[in-house]
Amino acid sequence: DRASFQEAAEWCQAREYFYDAVEEQPLNILDWASETALGHLLKLVRLGGVYHLKKAIEFTQPLDIKGQFNNGNIEEGSFKLNTIDYLTRQPFIVQVKWREESTGLEAPLFARERVAMVREATTSVNAPVKTLDLSKWCTNYKQAIDAACYYIRFVTIHDHQISFRTSPDVLAAQLGSGSFIILDLD
């Protein structure tokens, strides 16, 4: 979807998030886009057979709620709630890597790999460490830190997944992967 890709490009430009690399080998563009989107705080979603790039997080506006679901519009017996194992969501530290490039005549000739350790304030300094290596393409310290913070929140906050069936007229309300909904069950 050209409009969503344009909006994503404007979002990245405003935040100075860039992809600073050249891909020399053939690759699966969908796999590449899905993996790279995280580092730009984006998500690649498929709606009606068309791919869209959407912001994964909103800093300045309230959530755009796309629908409300309850016993009246969820097919009876179709609702499923899957809890994500707490062990996979335990607090951790992210070791994020990015590339610092030369910025003038006095700067070193070659890029240097930089590393930062990122954790939530309540996470122990002895927590497990997971690596987020963006050094192949990320040259912005702020982008690397933002991606690490998002990664931590994404893993630790998501504690369940839901699925249910509803009628086609409800789905016509432009719901899709990644849409925010309100769930109101008795």
Side-chain angles (χ1 to χ4, degrees), residues 1-70 73-75 78-84 88-89 94 96 98 118 130 132-140 142-185:
D1 172 60
R2 185 177 295 273
S4 74
F5 278 71
Q6 181 61 42
E7 185 178 329
E10 291 168 6
W11 154 265
C12 289
Q13 183 73 39
R15 298 190 62 77
E16 297 182 352
Y17 291 173
F18 302 108
Y19 185 88
D20 189 8
V22 174
E23 297 297 335
E24 297 176 351
Q25 300 297 319
L27 52 80
N28 180 313
I29 191 70
L30 294 178
D31 290 345
W32 173 84
S34 293
E35 293 168 9
T36 307
L38 164 72
H40 295 82
L41 280 62
L42 297 169
K43 56 188 173 183
L44 181 69
V45 297
R46 185 175 167 185
L47 303 171
V50 177
Y51 289 95
H52 300 254
L53 268 179
K54 297 189 172 269
K55 290 186 273 187
I57 190 167
E58 184 58 68
F59 295 108
T60 59
Q61 298 173 353
L63 291 177
D64 182 16
I65 305 297
K66 294 291 189 181
Q68 182 168 355
F69 293 88
N70 54 43
N73 58 7
I74 295 176
E75 257 185 48
S78 71
F79 182 81
K80 292 185 180 129
L81 173 68
N82 294 319
T83 304
I84 298 172
T88 64
R89 300 182 301 107
V94 172
V96 63
W98 75 97
V118 180
K130 296 183 181 184
L132 181 61
D133 189 354
L134 309 177
S135 63
K136 180 179 175 186
W137 55 266
C138 179
T139 58
N140 180 335
K142 184 179 179 328
Q143 181 177 3
I145 299 302
D146 287 352
C149 291
Y150 176 70
Y151 178 48
I152 289 170
R153 299 303 285 168
F154 183 84
V155 171
T156 58
I157 286 178
H158 288 87
D159 63 352
H160 62 277
Q161 297 173 329
I162 62 168
S163 65
F164 56 86
R165 288 190 305 273
T166 189
S167 62
D169 60 318
V170 173
L171 291 177
Q174 291 300 322
L175 292 179
S177 176
S179 292
F180 292 100
I181 63 169
I182 294 174
L183 187 60
D184 182 19
L185 298 176

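Counting from 1, the numbers follow the sequence of the chain as shown.
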If the plane angle is over 60° it's perpendicular, under 30° parallel, otherwise tilted; pick one for Trp137 and Tyr19.
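It falls in the parallel class, under 30°.
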Take the angle between the ring planes of Tyr17 and His40 and call it parallel below 30°, perpendicular above 60°, tilted in between.
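Perpendicular: the ring planes of Tyr17 and His40 meet at over 60°.
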Does [Y] offer a backbone N or O that forms a donor-acceptor pair with the side chain of [X] under 3.5 Å?
| X | Y | answer |
| --- | --- | --- |
| Gln68 | Asp184 | no |
| Asn70 | Ile182 | no |
| Asp146 | Leu41 | no |
| Gln161 | Ile84 | no |
| Ser4 | His52 | no |

In Å and rounded to the nearest 0.5 Å, what is the [atom1] to [atom2] distance from [X] to [Y]?
| X | Y | atom1 | atom2 | result |
| --- | --- | --- | --- | --- |
| Leu183 | Phe79 | CG | CZ | 5.0 Å |
| Ser34 | Leu53 | OG | CG | 9.0 Å |
| Lys80 | Arg165 | NZ | CZ | 6.5 Å |
| Asn82 | Asp159 | CG | CG | 12.0 Å |
| Lys54 | Asp64 | NZ | CG | 8.0 Å |

Within a radius of less than 6.0 Å around [atom1] of [X], do more than 12 heavy atoms belonging to other residues, nucleotides or ligands occur?
| X | atom1 | answer |
| --- | --- | --- |
| Lys136 | NZ | no |
| Arg153 | CZ | no |
| Glu16 | CD | no |

Considering non-hydrogen atoms only, spot the tightest contact between [X] and [Y] and give its length.
| X | Y | answer |
| --- | --- | --- |
| Val96 | Ile145 | CG1-CD1, 4.3 Å |
| Trp11 | Ile57 | CH2-O, 3.9 Å |
| Ala147 | Gly39 | CB-CA, 3.9 Å |
| Leu134 | Ala144 | CD1-CA, 4.0 Å |

For Lys55, is there an ion pair with Glu10 - N to carboxylate O distance below 4.0 angstrom?
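Salt bridge absent between Glu10 and Lys55.
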Does the side-chain contact (heavy atoms from CB on, under 4.5 Å) test come out yes or no for Ile162 and Ile74, once each step is laid out?
CA-CA 12 Å; Ile162 62 168; Ile74 295 176; over 6 Å; no
Do [X] and [Y] make a side-chain contact, defined as non-hydrogen atoms from C-beta onward lying under 4.5 Å apart?
| X | Y | value |
| --- | --- | --- |
| Leu132 | Leu38 | yes |
| Trp98 | Gln143 | no |
| Val118 | Cys149 | yes |
| Asp20 | Asn140 | no |

May I have the step-by-step check of side-chain contact (heavy atoms from CB on, under 4.5 Å) for Tyr51 and Ile29, ending in yes or no?
CA-CA 11 Å; Tyr51 289 95; Ile29 191 70; over 6 Å; no
